[in-house]
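Notes follow once the structure below has been shown.
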Amino acid sequence: MSFRTIIEPFRIKMVEPITMTTEEERKTLLREAHYNPFLLEAKDVLIDLLTDSGTGAMSTRQWAGMVMGDESYAGAVSWQHMHAVIHRLTGMEHVLPTHQGRAAERILYSYLGGPGKTFISNTHFDTTRANIEYSGAEALDIPIPEGTQPATIHPFKGNMDTEKLEALLHEKKAENIGAVILTVTNNSGGGQPVSMANAREVSRLCRQHGVLFVLDCCRIAENAWFINHREEGYGDMTYEAIAQEMFGLADAAIMSLKKDGLVNMGGFLTMRNKELSDACTNLLIITEGFATYGGLSGRDMEAIAIGLQEVFEPDYLRYRIRSTAYLGEKLAAMGVPLIQPIGGHAVYVDAKAMLPNIPPSEYPGQALVCALYEVGGIRAVEIGSVMFGKYDAAGQLVTAPMELVRLAIPRRVYTQSHMEYVIEVFEEVLRRKDQLKGLRIMEEPKFLRHFTCKLERLH
Ligand SMILES: *Cc1c(COP(=O)(O)O)cnc(C)c1O
């Protein structure tokens, strides 16, 4: 007998109270945060869907592992545990621990990058792009065309356009290409999976042209679930074996363990090539820490070793993917325009379609984010022109191709009734959608402006 209701495959033995607030209080709080939810205090948020990064709940096994953490400076037992799990999963010889994903990115891309270099990806994640551009290199996104059409259904919308990749590899000399980066799942493009066939073709082209193939594998377990359920020939394979096969296609991998590592902090960089590893290890020691801890404490490394195994458990992945889809299906049924099909870690609302009265230059995604907070205390993030908008030579705003709002679901944190509440808040926001106002940016930093920029509501 299999039941329709998929229960959370865990029970709760420690609770963290949520502070309730009123709409009036939230209006003031949001104004004080300059209409940028990144500037809100977390205690003023009811349901925090800002990110799934580092916001998950650890298991009893992981907490038990924390106590066993070996805090030795060099050669800690916990490092050996972490190393063994990553080595078995990736099959790559050289593993460098880092405090989070972007530290690994900074090390690898500052070494491979620099002026004149080009990096190519299905979609560069924001910190990936920032690290590449900060080095002076350029970052090109080549998702498949379906990847930028919110309503188009495709089983592997995160795929890279391999025809464009081939053309770019012919056009540019191999020595001018820093790396080809396949992000699985494709985060900024909609949390969408990448097929094994696509990864295989990317790998083939990279080998043919002598270009480094890097897997940005933050959500490799969620991606493996989609391959198992959607790609011909993978239905009988374990999720871990699917991930192992994908790693087998790459030359290097970067992971933020704050996602599918099921921990609150951590990352790694791994590769096959010793020369590259030696160069990166030098940079690691200068800024992160010695090669056997790289900015992590022993207890972190112990929790990582356990989390990176738990994430491949079938009951966990089934709950994870289904609970995200549940929220998406309910919102879609209400008429909220979403990126379809629903991805693994988040539901992406197409704010341009939902709020056609607000032009992209007035940030419809940010307007929706602000409404969700004021109406229901929900914190979400804009992935549109606030995050990716650029100015041309004349100082005119060039808007992003999509205006999205991401509802990212923390792992093992919220229950189904929390999601029912989110759905109800959306019902109310839909009723008010014609009254919502756009915004303008008052103050912004040079890189990753969405984190700290200050906005003002237009009238
Ligand atoms: C989160 C993330 C990163 C960066 O990792 P941090 O741990 O946040 O520094 C890089 N790439 C992708 C796809 C991510 O989701």
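We use all heavy atoms of the structure for the numbers below, so side chains are in, but hydrogens, waters and symmetry mates are not. Order of appearance sets the numbers: ligands from 1, and atoms from 1 within every ligand.
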**OP:** Mind telling me whether Phe451 and Phe38 have parallel, tilted or perpendicular rings, with 30° and 60° as the class edges?
**Re:** perpendicular
Original post:
Do any heavy atoms of Gly267 fall under 4.0 Å from ligand 1?
Top reply: no
**OP:** Looking only at distances, please establish whether an N/O atom of ligand 1 is found under 3.5 Å from an N/O atom of Asp216.
**Re:** yes
Subject >> Ligand-residue contact atoms, ligand 1 with Gly101, heavy atoms, under 4.0 Å >> reply: 5 (O), 6 (P), 7 (O), 9 (O)
Subject >> For Arg219, the ligand 1 atoms whose distance to one of its heavy atoms is below 4.0 Å >> reply: 15 (O)
**OP:** Using distance alone, decide if ligand 1 has a nitrogen or oxygen within less than 3.5 Å of any nitrogen or oxygen in Arg102.
**Re:** yes
Subject >> Identity and distance of the protein heavy atom lying nearest atom 5 (O) of ligand 1 >> reply: Ser256 CB, 3.2 Å
Original post:
Any side-chain donor-acceptor pair under 3.5 Å between Glu93 and His87?
Top reply: no
Original post:
Of Phe10, Tyr326, Trp225, which is the lone residue that meets ring-ring contact (aromatic ring centres under 6.0 Å, His included) with Tyr319?
Top reply: Phe10
**OP:** Report the member of His345, Gln100, His124 with the shortest heavy-atom distance to atom 6 (P) of ligand 1.
**Re:** Gln100
Original post:
Would Arg299 and Asp70 pass as an ion pair if we require N to O under 4.0 Å?
Top reply: no
Subject >> 4.5 Å side-chain heavy-atom contact, Lys259 and His345 >> reply: no
Original post:
If hydrogens are left out, which of His99, Arg129, Glu105 has an atom nearest to atom 10 (C) of ligand 1, that is, the closest non-hydrogen atom?
Top reply: Glu105
**OP:** Could you tell me which atoms of ligand 1, counted from 1 in the order shown, lie closer than 4.0 angstrom to a heavy atom of Thr127?
**Re:** 3 (C), 4 (C), 10 (C)
Original post:
Counting from 1, what ligand 1 atoms have a heavy atom of Lys258 closer than 4.0 Å?
Top reply: 7 (O)
Original post:
Considering only the protein, which heavy-atom contact is closest to atom 1 (C) of ligand 1, and what is its distance?
Top reply: Lys259 NZ, 1.4 Å
Original post:
By number and element, which atoms of ligand 1 are closer than 4.0 Å to a non-hydrogen atom of Thr183?
Top reply: 13 (C)
Subject >> Rounded distance (nearest 0.5 Å) linking atom CZ of Arg88 with atom CZ of Phe247 >> reply: 12.5 Å
Subject >> Polar contact flag, side-chain donor to acceptor under 3.5 angstrom, Thr128-Arg102 >> reply: no
Original post:
Are Tyr73 and Tyr293 an aromatic pair by the rule of ring centers under 6.0 Å?
Top reply: yes
